[in-house]
Structures are given as C-alpha cells and as structure tokens.
Amino acid sequence: MSRAQSFGAAARDYHRFRPGYPAELADVVLAHATGPVTRALEIGAGTGKATRLFAERGIQVTAIEPDAGMRTVLEAGTRGLPVTVQPTTFEEVDLARLGPVDLCFAAAAFHWTDPATRWHRVAEALRPGGVVAIFGAQTVLADAALAAAVAAIEAEIEAEIEAEIEAGIDGTIADLAAPYLEPVDVPELEAVELTVLPRRAEQPADDYVRHLATVSAYLVLEPDARASVLARVRALLPESVELVQDIDVQLARRR
Ligand SMILES: C[S@@+](CC[C@H](N)C(=O)[O-])C[C@H]1O[C@@H](n2cnc3c(N)ncnc32)[C@H](O)[C@@H]1O
C-alpha cells in the first residue's frame, strides 16, 4: 500500500478525529480571487472537511478523490450540497471537460500529487483572476517535552515505516513536520501569499492517539506494530492534551 492511498482504511476515524476547517479560512481564500467564485475544483477531498466549507456557501465543487473509502464518507456528508464527486486523481482528471474554474483548492492533499505537473495543471484549471488555495493543518502537542518524547518514539519506528512505503512514493515521519505547502513554480500564477491561521484545541489523550492512527506514516504500519507504538505514545500522555493546530495557507491568483 502506498502512503497516498493509505487513508481510506481509516476513513471514518479520519473524519472523526481530524479537525475541520473554520469559516475564516473560506473568507481568506475567497477574498483573494478577482471576480465572483461560483465553481471550484478540489484536489484530494478526502472525507469532505474542506469540501463542505465552500459548498455550504453555494459554490459548485467538483471534488476529486481517488480513494473509495474516503469517497463513501465524502458522498454521505455532502448530500444535498452542490458537490460532484469524481473518483480519480488530480493527474487524471479531464480539465478541458471540466472547463475553467474560479477556485482550485487542496486541503492536506497537494503534497500527494505529482510535483512535475501539479502547478501546470492548477494554472490550466483556473480562469484568469481565479484563485488557488493550498492549505493544511498539523496537530502538534503544545507541551514541548511531550512532543519531543513522542518524536523520539516515532524516530525509533522510522526504519519500519520506510520498509512499508512503496518504492517511488517518498515520505518519512520527518515529512509530517514538512508543511502541506509546495512552492508555486509556474509563471501563470501571481499574488502568492502565505498566511497562518492560529488554532489551539484541548483534546482527551485517547482521541489524540486515535487521530495519530489516521496519519499516513502510522497507517502504513502493520496493525500490531501500529497498536504497540500507539500504546507507547498513549502511556506518555496525561488524560487530556493541549494541541496546536495552526492552518498554513498558500494563496495565488491566475494572471
Ligand atoms: C490527508 S488526506 C486530506 C483529505 C481532506 N482534503 C482533508 O483535508 O481532510 C489526502 C487525500 O488526498 C487523496 N489523494 C492522494 N493522492 C491523490 C492524487 N494524486 N490526486 C488527488 N487526490 C489524492 C487521498 O486519497 C486522501 O483522501
């Protein structure tokens, strides 16, 4: 199993234990476009956490999601909203058929797409003045000592994770610390802007650990290995943990 395809197995937990996105994020994204935003293309919609944010504002969203497990939750959660789900990847979607959109967005998903083509395809998908929004949030323990202790456990299992990762799909636990953002590298996009929306949360430690179990680096582990490492993490934690869940946002506009 590749990491990019690892999420579906835990789609329900993914939906339950990963945080959604606030209305403020949609405000920031929509303000960056020139002209009205009525049609959007979403890359890697997953269970629909960001899909709903825009669809609930009446924007028609074509939501691309290659994973069947994720799509089941996505389709159930967006019923009645102006969302069309396409069971494909960003590399394969027929952009000419879709026609130019006002907004192209990827929530915690752009880093899974092909670096050689993704920015060209974003530029191709957008109308002039349309906006691209690449964003994502990591969940980090606010207590630095606890965070370091969990990182030490993760470092120990790094080799095991590497062994599980399909050849050609890059990624290590260290990548989890890398932003979801990928630098814009095509001349058709301008007005590049990076923003951080700060966010904090308090969560029962059990829920935090169940959230960790939805992170791809853990998902690729064998079930026994995953259970044992998560038990070690849980043993370190108090009943309730404070989390930093800042949202990194990168915006750009089509010339
Ligand atoms: C970490 S999840 C993010 C899901 C959702 N956007 C969210 O914020 O909760 C990444 C998603 O990208 C999807 N994905 C992986 N490779 C993709 C590709 N090449 N094109 C489109 N989506 C892809 C995965 O199936 C997964 O649902």
Side-chain angles (χ1 to χ4, degrees), residues 1-22 25-26 29 40-56 61-78 81 83-95 98 101 103-122 124-125 132-139 165-166 168-171 173 175-182 197 199 210-220 245-250:
M1 176 171 57
S2 78
R3 276 183 73 169
Q5 297 158 348
S6 63
F7 299 103
R12 266 169 234 290
D13 275 4
Y14 183 102
H15 195 61
R16 181 159 167 214
F17 295 109
R18 286 218 188 183
Y21 302 102
L25 173 62
V29 169
L41 170 65
E42 181 178 9
I43 302 165
T47 63
K49 285 182 183 291
T51 321
R52 276 196 308 282
L53 187 68
F54 292 99
E56 280 168 353
V61 182
T62 298
I64 296 170
E65 177 46 59
D67 186 286
M70 296 299 244
R71 279 201 308 276
T72 303
V73 183
L74 170 67
E75 281 162 356
T78 54
L81 290 170
V83 174
T84 308
V85 176
Q86 286 205 12
T88 185
T89 62
F90 184 48
E91 291 73 27
E92 285 162 354
V93 69
D94 186 344
L95 296 178
L98 181 68
V101 293
L103 165 65
C104 178
F105 66 98
F110 204 56
H111 57 302
W112 294 119
T113 60
D114 182 356
T117 59
R118 58 186 163 212
W119 285 111
H120 299 284
R121 288 181 67 72
V122 166
E124 190 185 338
V132 53
I134 308 301
F135 52 88
Q138 291 177 264
T139 291
I165 294 171
E166 189 179 79
I169 303 280
D170 65 328
I173 271 213
D175 285 350
L176 298 178
Y180 292 106
L181 312 181
E182 300 291 337
L197 303 179
R199 184 166 63 167
R210 290 187 75 176
H211 149 271
L212 274 187
T214 72
V215 173
S216 65
Y218 286 88
L219 283 173
V220 295
Q245 296 180 322
D246 293 354
I247 304 170
D248 298 312
V249 192
Q250 179 174 233

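One-based numbering, in listed order, for ligands and for the atoms of each.
Judged by the 6.0 Å distance and 45° axis criteria, Arg118 is not positioned over the aromatic ring of Phe90.
Residues Ile64 and Leu41 are in side-chain contact: their nearest non-hydrogen atoms beyond the backbone lie under 4.5 Å apart. In this structure, Arg121 and Val93 have side chains that are in contact, with non-hydrogen atoms separated by less than 4.5 Å.
Not one N or O of Ala108 is nearer than 3.5 Å to an N or O of ligand 1, by distance alone. Considering backbone and side-chain N/O atoms, Ile43 never comes within less than 3.5 Å of an N/O atom of ligand 1. Not one N or O of Thr89 is nearer than 3.5 Å to an N or O of ligand 1, by distance alone.
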Intermediate values then yes/no, side chain to side chain contact (heavy atoms under 4.5 Å, CB included), Val122 and Phe110 = CA-CA 11 Å; Val122 166; Phe110 204 56; 3.9 Å; yes
For Val132 and Trp119, what are the C-alpha separation, side-chain angles and deciding distance, and is it a side chain to side chain contact (heavy atoms under 4.5 Å, CB included)?
-> CA-CA 10 Å; Val132 53; Trp119 285 111; 4.3 Å; yes
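In summary, the atoms of ligand 1 found under 4.0 Å from a heavy atom of Asp67, numbered by their order in the structure, are 25 (O). Using a 4.0 Å cut-off to heavy atoms of Tyr21, the atoms of ligand 1 that qualify are 7 (C), 8 (O).
With a heavy-atom cut-off of 4.0 Å, Ala106 does not touch ligand 1 at all.
Within the model, atoms CG of Leu98 and OG1 of Thr62 stand 5.0 Å from one another, a figure rounded to the nearest 0.5 Å. Rounding to the nearest 0.5 Å places OG1 of Thr139 at 7.0 Å from CZ of Arg199.
Relative to atom 19 (N) of ligand 1, the option among Glu42, Glu91, Arg118 with the closest non-hydrogen atom is Glu91. The closest heavy-atom contact to atom 14 (N) of ligand 1, among the options Pro66, Ala137, Ala109, comes from Pro66. Comparing Tyr14, Trp112, Phe135 by heavy-atom distance to atom 3 (C) of ligand 1, the nearest is Tyr14. For atom 13 (C) of ligand 1, the nearest non-hydrogen atom from the set Glu92, Met70, His111, Glu65 comes from Glu65.
Between Ala50 and ligand 1 there is no heavy-atom distance shorter than 4.0 Å.
Ring orientation note: the planes of Phe135 and Phe105 are close to parallel, at an angle under 30° on the 30°/60° scale.
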